[in-house]
Trainee: 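This is the structure I have questions about; it appears just below.
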Amino acid sequence: MTESVPNTPLRRPQQHQEIAGYLRDEIFAGHIPVGESLPSEAELCAQFATSRGPVRQAVATLRSEGLISSGRGRRSIVLSNTRTESFEEVLCTASRVAQMGKIPGQILQEFGLHQANDHIAEALWLNDTKTVVTLRRVRTANDEPVVVEEIYFSPSISSTVLGVDPNAESFHRELMRNGVNYNNISRTARVVLATKEQAEALQLPVGAPLLEIELRAFTHTGAPVEYSVQRYSTEQLTFGLNIVRGHSSPLWIELEPEQIG
């Protein structure tokens, strides 16, 4: 059975985030086309009943994302209308699906306490106890399967995780409402071939290429709270990256070391 997931925010954004979100939406919708100028600081201040500080912070955010020019005494120009991911969309598949204009859902496969293997224990920095809450599910978009998820939560938040109904609503939104401190995320991506189980879940041939993403989530102090593996069907995936001079690229690429022997 596929459960619909409501599209509500993880937390109320700050004003500069609201302004940045509004400008992104205007750019992505084509209301401010590539080559056109953003509204002036004075216009945005009046529209949002705010000072120049939040407006400038919002503009700086879009500049760091490569969407607009630097300005430097004049209005910033829209350089790209390629949509970027928010923190919520990286963490929460339901948000990403909803942002695509589709209805998110899920097929629950497993939920409860399990023993972590060595790889999961290492990812979550486990020493003594290796009992973690595991959530396995297939995420859907308009009832079509798009990603198989395996999520493992740190024992430090087990009681909170077990108190959330995995079929009721977005799991990560509930966790954050209940005080779980998601602050930093790192991801590693590679292409793998679908196993029989994964192929059946995603309605693909065995051996079809999948995008496998390992995600690690941390608190603001650097303590791990979640390790997950997401395996996407590659049939409808497109990748893009904007880079601004003076900023490091969030993307890194490396070749697997040569196997000897």
Side-chain angles (χ1 to χ4, degrees), residues 1-13 85-117 120 123-124 129-183 185 187 194-204 210-219 224-233 235-237:
M1 177 181 179
T2 301
E3 299 285 343
S4 294
V5 181
N7 182 27
T8 55
L10 289 170
R11 66 176 97 175
R12 180 176 177 79
E85 288 183 304
S86 67
F87 184 89
E88 178 178 340
E89 290 168 30
V90 173
L91 181 65
C92 179
T93 304
S95 295
R96 179 183 292 110
V97 172
Q99 183 64 47
M100 293 162 54
K102 298 183 179 182
I103 300 173
Q106 67 176 14
I107 303 168
L108 182 64
Q109 296 177 316
E110 190 173 15
F111 178 63
L113 290 169
H114 296 87
Q115 284 294 111
N117 61 32
I120 296 167
L124 291 174
T129 177
K130 290 189 177 181
T131 303
V132 299
V133 180
T134 301
L135 174 61
R136 292 187 176 91
R137 59 189 176 182
V138 179
R139 280 299 200 181
T140 61
N142 289 351
D143 292 328
E144 294 294 326
V146 292
V147 56
V148 176
E149 291 184 328
E150 300 174 8
I151 308 175
Y152 308 94
F153 299 96
S154 168
S156 64
I157 61 169
S158 289
S159 59
T160 302
V161 175
L162 291 171
V164 176
D165 179 356
N167 281 317
E169 54 186 308
S170 171
F171 212 82
H172 289 97
R173 294 188 190 117
E174 271 311 299
L175 290 178
M176 293 190 76
R177 289 191 191 110
N178 283 278
V180 176
N181 177 12
Y182 285 98
N183 192 76
I185 294 174
R187 292 185 293 178
T195 65
K196 180 180 179 181
E197 181 181 1
Q198 295 158 3
E200 289 177 352
L202 294 172
Q203 300 177 10
L204 297 170
L210 304 178
L211 177 67
E212 180 180 270
I213 297 178
E214 285 188 284
L215 181 149
R216 291 171 172 83
F218 305 86
T219 68
V225 287
E226 175 183 319
Y227 166 69
S228 67
V229 182
Q230 305 165 334
R231 297 181 178 93
Y232 287 84
S233 167
E235 292 183 348
Q236 297 179 339
L237 285 179

Trainee: Checking Glu214 now: which residues fulfil side chain to side chain donor-acceptor pair (under 3.5 Å) with it, not counting sequence neighbours?
Mentor: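 Side chain to side chain donor-acceptor pair (under 3.5 Å) list for Glu214, sorted by chain: His119, Arg190, Tyr227.
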Trainee: Taking only residues two or more places apart in sequence, or in another chain, which ones meet Glu200 in a side chain to side chain contact (heavy atoms under 4.5 Å, CB included)?
Mentor: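 Per chain and number, Glu200 pairs via side chain to side chain contact (heavy atoms under 4.5 Å, CB included) with Lys196.
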Trainee: Is there a donor-acceptor contact under 3.5 Å from the side chain of His114 to the main chain of Gly112?
Mentor: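 Yes; judged by distance alone, with no hydrogens or angles, the pair exists.
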Trainee: Ignoring hydrogens, what is the shortest heavy-atom contact between Arg187 and Ile185? Give both atom names and the distance.
Mentor: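 Distance-wise, the nearest heavy atoms are CG-CG2, 4.0 Å.
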Trainee: To the nearest 0.5 Å, how far apart are CD in Gln109 and OG1 in Thr134?
Mentor: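 That separation rounds to 12.5 Å.
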Trainee: List for me each residue that meets side chain to side chain donor-acceptor pair (under 3.5 Å) alongside Thr131, sequence neighbours excluded, and say none if there are none.
Mentor: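 Thr131 satisfies side chain to side chain donor-acceptor pair (under 3.5 Å) with Gln115 only.
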Trainee: Could you measure the distance from the OG atom of Ser170 to the CE atom of Met176? Nearest 0.5 Å is fine.
Mentor: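 Interatomic distance, Ser170 OG to Met176 CE, rounded to 0.5 Å: 10.5 Å.
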Trainee: To check you understand the geometry: which heavy-atom pair defines the closest contact between Val97 and Ala141, and what is its length?
Mentor: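 Scanning both residues, the minimum pair turns out to be CG1-CB, 3.6 Å.
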Trainee: Could you check if a side-chain atom of Arg96 sits within less than 4.5 angstrom of a side-chain atom of Arg139, using non-hydrogen atoms only?
Mentor: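 Side chain of Arg96 against side chain of Arg139, heavy atoms only: no contact under 4.5 Å found.
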Trainee: Report, as yes or no, whether the 6.0 Å neighbourhood of atom CD on Glu110 holds more than 12 heavy atoms from other residues, nucleotides or ligands.
Mentor: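 Yes, the 6.0 Å shell around CD holds more than 12 heavy atoms from other groups.
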Trainee: For residues 153-162, run the donor-acceptor check on the side chains, cut-off 3.5 Å, and write out each pair with its distance to 0.1 Å, sequence neighbours left out.
Mentor:
unit_1: Ser154; atom_1: OG; unit_2: Ser156; atom_2: N; d: 3.2
unit_1: Ser154; atom_1: OG; unit_2: Ser156; atom_2: OG; d: 2.9
unit_1: Ser158; atom_1: OG; unit_2: Pro155; atom_2: O; d: 3.3

Trainee: Could you tell me which residues satisfy side chain to side chain contact (heavy atoms under 4.5 Å, CB included) with Ser233, sequence neighbours excluded, listed by chain and number?
Mentor: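 If we apply the side chain to side chain contact (heavy atoms under 4.5 Å, CB included) test to Ser233, skipping adjacent residues, the hits are Leu204, Glu235.
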Trainee: With the side chain counted from C-beta on, respond yes when Glu212 and Val229 share a heavy-atom pair under 4.5 Å apart, and no when they do not.
Mentor: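 When only atoms from C-beta onward are counted, Val229 and Glu212 do touch, with a gap below 4.5 Å.
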Trainee: To the nearest 0.5 Å, what is the distance between CD1 (Ile151) and CG (Leu215)?
Mentor: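 Atom-to-atom, Ile151:CD1 and Leu215:CG are 9.0 Å apart.
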Trainee: Hey, could you give me the CG/CG distance between Leu175 and Asn181, rounded to the nearest 0.5 Å?
Mentor: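 Spacing of CG (Leu175) from CG (Asn181) equals 12.0 Å.
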Trainee: Sequence neighbours left out, what passes side chain to side chain contact (heavy atoms under 4.5 Å, CB included) with Glu150? Give chain and number order.
Mentor: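 Glu150 satisfies side chain to side chain contact (heavy atoms under 4.5 Å, CB included) with Arg136, Tyr152, Arg231 once adjacent residues are dropped.
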Trainee: Who pairs with Lys102 by salt bridge (charged side-chain N to carboxylate O under 4.0 Å, His left out), at least two apart in sequence or on another chain?
Mentor: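 Scan of Lys102 (salt bridge (charged side-chain N to carboxylate O under 4.0 Å, His left out), adjacent residues dropped) gives none.
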Trainee: With the side chain counted from C-beta on, respond yes when Leu135 and Leu108 share a heavy-atom pair under 4.5 Å apart, and no when they do not.
Mentor: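 With C-beta onward as the side chain, the pair touches.
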Trainee: What's the shortest heavy-atom distance between Glu226 and Leu124, and which atoms?
Mentor: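 So the minimum-distance heavy-atom pair works out to C-CD2, 3.7 Å.
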Trainee: Under 4.5 Å between any side-chain heavy atoms of Gln106 and Thr93, yes or no?
Mentor: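 Not in contact.
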Trainee: With sequence neighbours left out, what residues match Phe111 under ring-ring contact (aromatic ring centres under 6.0 Å, His included)?
Mentor: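 By the ring-ring contact (aromatic ring centres under 6.0 Å, His included) rule, Phe111 matches Phe171.
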Trainee: Give, for atom CG of Leu91 and atom CZ of Arg173, the distance between the pair rounded to the nearest 0.5 Å.
Mentor: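 Here the interatomic distance stands at 10.0 Å.
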